[in-house]
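Below is one structure; the comments refer to it alone.
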Amino acid sequence: MSDESVSGNRYDFRTIEAKWQQRWEEADLFRVDYDPNKPKFYGLDFFPYPSGAGISVGHCRNYVPLDVVCRLKGMQGYNVLRPMGWDAFGQPAENEAIKRGRNPREMVTDYAANYRRQFKIVGMSYDWSREINSSHPDYYRWTQWFFLLLHKRGLAYRSDTPINWCPSCKTGLANEEVVAGRCWRCNSVVEKRPLPQWYFRITAYGDRLISGLDTIQWPEGIKTQQREWIGRSEGAEVDFAVIGHDAALRVFTTRPDTLWGATFMVMAPEHPLVAQITTPENAVAVQEYTERAQRSTEIERQATDRTKTGVFTGAYANNPVNGEPIPIYIADYVLMGYGTGAIMAVPAHDQRDFEFAKKYSLPIVMVYQSAPEQTAESLEEALPAGGAMALGPFAGEPNSKETVRKVIKWIEEQGTGKGVVNFRLRDWLISRQRYWGAPIPIIHCPNCGAVPVPEDQLPVLLPDVEKYQPTGTGESPLAGIPEFVNTTCPECGSPAKRETDTMGGFACSSWYFLRFADPHNSERAFDPELANYWLPVDLYVGGAEHAVMHLLYARFWTKVMHDAGLVPFDEPFQRLRNQGMLLAYTAGRRVTKDEAGDGEEVDTNEPLEDWKVLKPEEKASLPEDQWVWKWVKMSKSMGNVVTPDEISERLGADTLRLYSLFVAPFEETVQWSDKGIEGAYRFVNRVWRLWTELRPHYSADWRSGTVATGDTERKLRRKLHQTIRKVGDDIENFRFNTGVAALMEFTNELSAFRNELSHQTPTAEQVTLISEILETLTLLLAPITPHLSDEFWELLGKEGYTRNCAYPTFDPAAAAEESIVIVVQVNGKLRERIEVAPDTATAEIERLALACEKVQAELTTKQVRKVITVPGKLVNIVVG
RNA sequence: GCCCAGGUGGUGAAAUGGCAAACACGCUAGAUUCAGGUUCUAGUGCUCGCAAGGGCUUGGAGGUUCAACUCCUCUCCUGGGCACCA
């Protein structure tokens, strides 16, 4: 059956790859089942949402390497869970559906089918029996169940603080979904809107989300990003009595030790106390300022180089440590969302307060002084560190963390405040005013308030609608469907209304990794025994852009599940690796000045760039000498996508897999080039030719044959076993590029051996060696080029699939070097190389080194000062 | 401004204290071929030299060391993240 492919010296990859993909599918080769007697390995890709463009060769930079690791682990005897499913709910899918004018349900099904087809083309070893789709009721029923679990545990609540609102997607966004003041999906400038919304109390897990990072093997950069995003800071809350009101203004400060220098206070414009304490003569100015602050975007408000602005409320508070009356201002540099939304201002020791005090001529009092001549008047900027306390009961104490601790203890004793920990992390806004998501399982009853939908009434089905476009009114399209909205209260039976917001897509992806352990369970989200066996995920692979979104949310849900006794672990992903980006060389053009100033051409929502990708019609009209080429991320919107389909058709899936690994280190950003992949193609063909030329000499019972004794043969077999040692090790450590290089090196040596052999009939010893090589090389390549390897395996007359074979292990004796080269240096400069047996004594090596001609030449004018010998490596002779 | 990751031949890169440039692309020459492509062989960091051979070289400047791409200090550049968080 394979006669054709053998007879030509060119590898017929199209036939061979299609053949094996079909056979794997028929044999259900990648199906995996629970087996408590086997060690498990769970390798998981980030949950993809299937986009219309399908996968590009860029996506192969994460899917291929994990596939290689999983296939290797399988050959090493692990029970390998390698599932795939679709993150089908949420903004990315819905925006695409709206753009295409398609029903999202049908569209996602089509797109997923295309992804599945592409994954099969590149030989992915997914267990498709576990495929899940987060937009199916079978799945989102359990997403809703988890919502109720969080609700039951007091971790889901409704609040009407102003939210981040994307005017283009017409929905609220979580803090993590606002990237530099813009929507993560459409890049529009985010606004603030007052809307009652559901939140998950992720801040309650702030400490554990930080400490858990120490227990997992993730890239340090991602851990740092999470730590900084969570932003834990220790300090104190202190109450300032507002003069003339029965109210206290509570502030959070990390520097309670500077209380004696607090000369005014600042509230966020949105602070609830503002209306109450503002005096009539200041009311107009305060209201104007508040309105202006609300109109301004996050970007404007957070620009750090802006001069500080604010207005006086007319009210005063008493500084609790000295009773001094100090004025209360409002200013937009104080944020309602952090701490208590109000601060005590210590201009002497905080730069922001300093700038504000200078602008509004407010008094500056120094708490810490470095020298007697240093005065508040002489300050040109705030002094956050250094000096000793110059006033108050702690006079003389140094400016240190220890002093801060002492002061916190003291104010607790005085009853004016208490030590607290604050997080920069905000609670997770989960409501979306959108159609395409899991409905929030809550019923609003006029008598009972927000009542959870009883578990036995789940799922709350997402109804089919004709118009699924977001309304922009602050309500989801579901609000316009009376049959959905109107229901009865589960508690009192009176008429009630369903919550019409849906959950953001990150809810679905916060537990999908558990569903893969037990994907078809209709009784519960997952069986604990199955989850305990498969989880946590051993190796998780995906892009670094999810550092503070999915990766933080999933950790939070897992900790909640752990606390609820559902799972024994509280970190879902043991080992994480982020692949590098893939860039494509893309034709664009300069954005002209006219254009930039012209609101019609440039969307004001887009960040101002001086380069734009050429649209297809512009490529025809714009002369080529005006094209400006740039390396940009391969993506559909840039029109620069190379698909695995076209590469597989032209050069083969095995070539694509090999090149994806070889092109650069795994984490590195790569510039896609068609030239480079030709080299991978040549290598695969070279292996094919070499292997098929040697195959006639194959003897299946080579293991009982004579081991090669000739120099050439011993050397080749040594290289083979050194290659076995290196390749498996490199794959497990994500050094795929050097692993492939090792296989290339071996192939080069094998090629030289073949040339030497020429047309002679090989000796019995050579037959044994050739046979060992034919088998071993096939299995070493199997995780990387599985189609080629299975074809080889069949050509050797073997049954079955390489995926089920044991991965080769190396023989240390065969891999050991027979002689080693010792480098001889004089004053650190290379002068000579000497070859010795590996067990040569140090003294003997030194003697040989000193006897070298070049060393002797140096010694005619100089003396030996020192000799350093590193066994097995070098001798460095220091002369002078 | 702060944090993280980088900077090595014409190009992608390798080497994590011990021979800088493995492997591959590209290029040069030769063989095969009517020719092109393929394949095979040899060469290919820079530089001086007819040669033998020598010198130089990992963004830059210092330092530690017998020895530094690798460790330390400062600095420049590129990419990514965060950015008035009290």
Side-chain angles (χ1 to χ4, degrees), chain A residues 9-10 179-181 219-225 227-229 231-233 235 251-256 258 266 268 301-306 308 331-335 337-346 349-353 355-356 422-426 544-545 547-548 578 580-581 583 631 659 662-665 667-680 682-683 685-686 689 735 737-748 751-752 755 821-833 865-880:
Chain A
N9 70 346
R10 198 107 194 147
V179 181
E220 278 308 316
I222 298 285
K223 289 190 188 181
T224 305
Q225 267 192 61
R227 278 190 203 102
E228 288 179 356
W229 186 262
R232 183 182 197 277
S233 65
V251 301
F252 172 72
T253 176
T254 54
R255 297 298 304 273
T258 62
V266 186
R301 196 159 159 180
Q302 292 188 353
T304 49
D305 47 3
R306 216 164 47 117
K308 307 253 172 307
D332 63 4
Y333 79 90
V334 174
L335 310 172
Y338 184 76
T340 62
I343 61 157
M344 63 175 205
V346 183
H349 303 295
D350 182 287
Q351 185 58 26
R352 294 155 302 183
D353 299 343
E355 286 167 26
F356 195 87
N422 240 307
F423 295 96
R424 213 191 70 106
L425 180 71
R426 305 294 148 86
E545 65 276 10
V548 291
N578 305 119
M581 276 196 298
L583 308 179
W631 286 103
Y659 182 63
F662 182 64
V663 62
E667 303 80 3
E668 216 63 31
T669 298
V670 165
Q671 301 176 337
W672 175 264
S673 124
D674 277 335
K675 288 275 193 215
I677 198 168
E678 302 281 347
R682 281 209 280 267
F683 171 72
N685 275 289
R686 196 165 137 93
R689 265 193 318 277
R735 293 189 299 253
N737 55 332
T738 53
V740 170
L743 286 165
M744 288 174 166
E745 276 187 58
F746 176 73
T747 306
N748 289 345
S751 179
N755 292 347
V821 173
I822 300 286
V823 170
V824 181
Q825 295 180 335
V826 175
N827 287 345
K829 290 199 182 204
L830 176 69
R831 281 294 174 264
E832 197 103 44
R833 295 186 174 89
R865 304 274 176 211
K866 201 171 175 184
V867 178
I868 292 121
T869 306
V870 183
K873 291 264 162 82
L874 59 65
V875 180
N876 187 13
I877 299 157
V878 185
V879 302

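Quantities reported herein were computed from a predicted structural model and do not represent experimental measurements. Residue numbering restarts at 1 for every chain, and letters A, B, ... go by the order of the sequence lines.
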Give me the distances for all protein-to-nucleotides 80-82 of chain B N/O pairs that come in under 3.5 Å?
residue: B:G81; atom: O2'; partner: A:Gln225; partner atom: OE1; Å: 3.2

(message) Is the shortest side-chain heavy-atom distance between A:Val548 and A:Glu228 below 4.5 Å?
(response) no
(request) Could you pull out all residues at least two apart from A:Asp350 that satisfy side chain to side chain contact (heavy atoms under 4.5 Å, CB included)? (result) A:Arg352, A:Asp353
(message) Checking contacts here: which listed nucleotide (B:A86, B:G55, B:C25) is nearest the side-chain heavy atoms of A:Lys675?
(response) B:C25
(message) A:Tyr659: which residues meet the ring pair (Phe, Tyr, Trp, His ring centres under 6.0 Å) condition with it, sequence neighbours left out?
(response) A:Trp672
(request) For A:Glu745, check salt bridge (Lys or Arg N to Asp or Glu O under 4.0 Å) against everything at least two apart and list the hits. (result) A:Lys719
(request) Give one of base, sugar-phosphate or nothing for A:Asn827, where a contact means two heavy atoms less than 4.0 Å apart. (result) nothing
(message) My understanding is that only residues two or more places apart in sequence, or in another chain, count here; which of them pass ring pair (Phe, Tyr, Trp, His ring centres under 6.0 Å) with A:Phe683?
(response) none
(message) At 4.0 Å (heavy atoms only), tell me whether A:Val334 reaches a base, stays on the sugar-phosphate, or touches nothing.
(response) base
(request) Could you let me know what B:G62 is paired to, Watson-Crick or G-U wobble, both distances under 3.5 Å, or none if it's on its own? (result) B:C72
(request) Could you tell me which nucleotide pairs with B:A86 by Watson-Crick or G-U wobble geometry, both distances under 3.5 Å, or answer none if nothing does? (result) none
Distances for protein N or O near nucleotides 41-48 of chain B N or O, under 3.5 Å:
residue: B:U41; atom: OP1; partner: A:Asn755; partner atom: ND2; Å: 3.2

(request) Quick one: list whatever passes side chain to side chain contact (heavy atoms under 4.5 Å, CB included) with A:Ala342, sequence neighbours left out. (result) A:Leu249, A:Val251, A:Met267, A:His271, A:Thr340
(request) If a protein heavy atom is under 4.0 Å from the base, mark B; if only from the sugar-phosphate, S; if neither, -; do that for nucleotides 13-22 of chain B going 5' to 3'. (result) SS---BB--B
(request) Only counting residues at least two apart or in another chain, list the ones meeting ring pair (Phe, Tyr, Trp, His ring centres under 6.0 Å) with A:Trp229. (result) none
(request) State the syn/anti category of B:G9 according to its glycosidic angle, syn meaning within 90° of 0. (result) syn
(request) Once you apply the 3.5 Å cut-off to both distances, tell me the Watson-Crick or G-U wobble partner of B:G6, or none. (result) B:C77
(message) Is A:Arg689 close enough to B:C40 that one of its side-chain N or O atoms is under 4.0 Å from OP1 or OP2 there?
(response) yes
(message) Of the listed nucleotides (B:C56, B:C66, B:G26), which one gets closest to any side-chain atom of A:Lys829?
(response) B:C56
(message) Once salt bridge (Lys or Arg N to Asp or Glu O under 4.0 Å) is applied, do any residues pair with A:Arg686, and if so which ones, sequence neighbours excluded?
(response) none
(request) Name the pairing partner of B:G36, where a pair is Watson-Crick or G-U wobble with both distances under 3.5 Å, or state none. (result) none
(message) On the nucleotide B:C25, are OP1 or OP2 found under 4.0 Å from the side-chain N or O atoms that A:Arg682 carries?
(response) yes
(message) Taking side chain to side chain contact (heavy atoms under 4.5 Å, CB included) as the definition, give me every residue that meets it alongside A:Arg865, ordered by chain and number, with sequence neighbours left out.
(response) A:Gln863, A:Val878
(message) Salt bridge check, A:Lys223 against A:Glu220: does any charged N sit closer than 4.0 Å to a carboxylate O?
(response) yes
(request) Taking side chain to side chain contact (heavy atoms under 4.5 Å, CB included) as the test, write out the residues that go with A:Phe356, two or more places apart. (result) A:Phe264, A:Lys308, A:Tyr329, A:Ala331, A:Tyr333, A:Tyr360, A:Leu362
(request) Could you check which nucleotide pairs with B:A29 in any of the strands shown, counting Watson-Crick or G-U wobble with both distances under 3.5 Å? (result) B:U41
